[in-house]
Protein chains: 2
Amino acid sequence: MRSGKGPRETLDRERVVRAAMDLADERGLDALTMRELGRKLGVEAASLYNHVSGKDDVLDGMVEQVVAWIDVPGEDVDWKEAMRRRAVSARAVFARHPWAAGLVDSRERRGPVSLSYADQILGTLLRAGFSPRVAGNAFLALDSYIYGYERQRASIAPADDVDTGDAAREVLEAAREAYPSLMLVAGEYAAEPSDDDTAFAFGLGLILDGLERLVDGG
Amino acid sequence: MRSGKGPRETLDRERVVRAAMDLADERGLDALTMRELGRKLGVEAASLYNHVSGKDDVLDGMVEQVVAWIDVPGEDVDWKEAMRRRAVSARAVFARHPWAAGLVDSRERRGPVSLSYADQILGTLLRAGFSPRVAGNAFLALDSYIYGYERQRASIAPADDVDTGDAAREVLEAAREAYPSLMLVAGEYAAEPSDDDTAFAFGLGLILDGLERLVDGG
DNA sequence: ACCTGAACACCGTTCAAGT
DNA sequence: ACCTGAACACCGTTCAAGT
């Protein structure tokens, strides 16, 4: 490991966190262990504890970096467009780093980057005329959808490791009778492969349009 | 453990899965290890492999049971009301079993209960007049929100382990300047504690109303 | 100041041996 | 048929010892 790029720079928290993200990108979140992370940095696992308080600290660092990557448009942008852009930006980050959505959404986000991110979002909604309560609910609804989307996708899409042998065909035929609606919908997606961006925009649009009616009506 | 209730019934997969859910209820998903599960059943961890193919098999069994607990109204109920009821039912299950939402939504759901569940939902949407494609997107949007909601809630709510010492007050004062919008919204929730059901219904209503406009307009 | 080696208290899983 | 004991290949983390 440590793909030889000159003399070793001195280790610090940031380099450890960056190596952890590289490791998760390359081999998945399960492969991210302190021992493997040490190996990647040319050091024993125990040495990492000089720069990081533990594995949780590494994961927190990763979460903060992921949130920092999400673009949040400034005050010059209309609230609805701003929410749409940051949702799309988040999805782009999650697509580049498959571990990101699950990690961020399984951990408490109390770091300065996450707090400032929430503050900007809520500020945008408050300026748009939403009451504090509704702004909070809107933020919750949007993020629930954004983070939830990434992890739900797999369960509707047909398995990509399907055998096309005779046995498999038989099972599929039985499934068609047992689950007719599911098979009909799955077939539709199989015929014209689902455009993830479109499916994501569908639900996002429902929420944003609903919010718009609230702010216009009130 | 094995709180003495008569002679030991013979072990089987169902009893193992049920014990696993009890253990997760009592001490969290992290405490669910094969060794601990064996202890709870009065047996060595290795013995569990006679009834279950591994820990994944136990987790799959738990997922199927959770999905089975979610009520899905039959064909006599209007599609919108049916979707609302099953969302509320799912949330009630997740409230009773804090580990459930995260577990179900982190795993592929290919068991017969999950497939039949999806088939019923999609059938309801298709009968309501949604095209297969839109029905699929609607299902995805609703589930993204339902599963996402449970895991997002914690990040907006103020920490419940806050010290009220002088140091804590100082930090809070600094936060008020650094994150004014966040503090305003958090204060609103603190003043009148958030009713989870209302907050959940807020986002759910946005999605359902949006879907209704689609089916009425088309 | 940083790193290593060895240890501790855990994991999931396998397998020969018992009954 | 089911269970046990012991082992294997792992974890995260601590800590004395080195430099």
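From a predicted model like this one, the values you see are computed outputs, not experimental measurements. Lettering of chains follows the sequences in order, A, B, ..., and the numbering in each one begins at 1.
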Find the distance A/Asn50:CG to C/dT4:C1' and express it as a whole number of Å.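 These atoms are roughly 11 Å apart.
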Could you check how far CD of B/Glu44 sits from P of D/dT4, rounded to whole Å?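 Checked: the CD to P distance equals 5 Å.
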Quick one: sort the A/Tyr149 and A/Phe200 rings into parallel, tilted or perpendicular, breaks at 30° and 60°.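 Because their plane-to-plane angle is over 60°, the rings of A/Tyr149 and A/Phe200 count as perpendicular.
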Has the side chain of A/Asp119 got a donor or acceptor atom that lies under 3.5 Å from a matching backbone atom of B/Leu182?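 Side chain of A/Asp119 to backbone of B/Leu182: a pair is present.
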Would you call [X] and [Y] a side-chain contact if the rule is heavy atoms closer than 4.5 Å?
| X | Y | value |
| --- | --- | --- |
| A/Leu11 | A/Asn50 | no |
| B/Leu122 | B/Phe130 | no |
| B/Asp196 | B/Arg91 | yes |
| A/Val104 | A/Met62 | no |
| B/Val134 | B/Leu125 | no |

According to a strict under-4.0 Å criterion, is A/His51 in side-chain N/O contact with OP1 or OP2 of C/dC3?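 Looking at the OP1 and OP2 atoms of C/dC3, one of them is under 4.0 Å from a side-chain N or O of A/His51.
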Can you tabulate the close N/O pairs, meaning under 3.5 Å, that link protein atoms to atoms of nucleotides 11-15 of chain D?
from	atom 1	to	atom 2	distance (Å)
D/dC11	N4	A/Arg35	NH2	3.4
D/dG12	OP1	A/Met34	N	3.4
D/dG12	OP1	A/Lys55	NZ	3.0
D/dG12	OP2	A/Met34	N	2.9
D/dG12	N7	A/Arg35	NH1	2.4
D/dG12	O6	A/Arg35	NH2	3.1
D/dT13	OP2	A/Tyr49	OH	2.7
D/dT13	OP2	A/Lys55	N	2.8
D/dT13	O5'	A/Tyr49	OH	3.2

Heteroatom pairs (N/O) under 3.5 angstrom, protein to nucleotides 16-19 of chain D:
none

NZ or CZ of A/Arg109 within 45° of A/Tyr147 ring axis and under 6.0 Å: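 So A/Arg109 does make the cation-pi contact.
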Does B/Glu192, at its CD atom, have more than 12 non-hydrogen atoms belonging to other residues, nucleotides or ligands within less than 6.0 Å?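 Open.
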Take atom CG in B/Asp195; do more than 12 heavy atoms of anything else shown fall under 6.0 Å from it?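 Enclosed: over 12 neighbouring heavy atoms sit under 6.0 Å from CG of B/Asp195.
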Dot-bracket assigned to DNA chain D with the 3.5 Å Watson-Crick/G-U criterion, [ ] for crossing and | for other-strand pairs, is ||.|||||...|||||.||
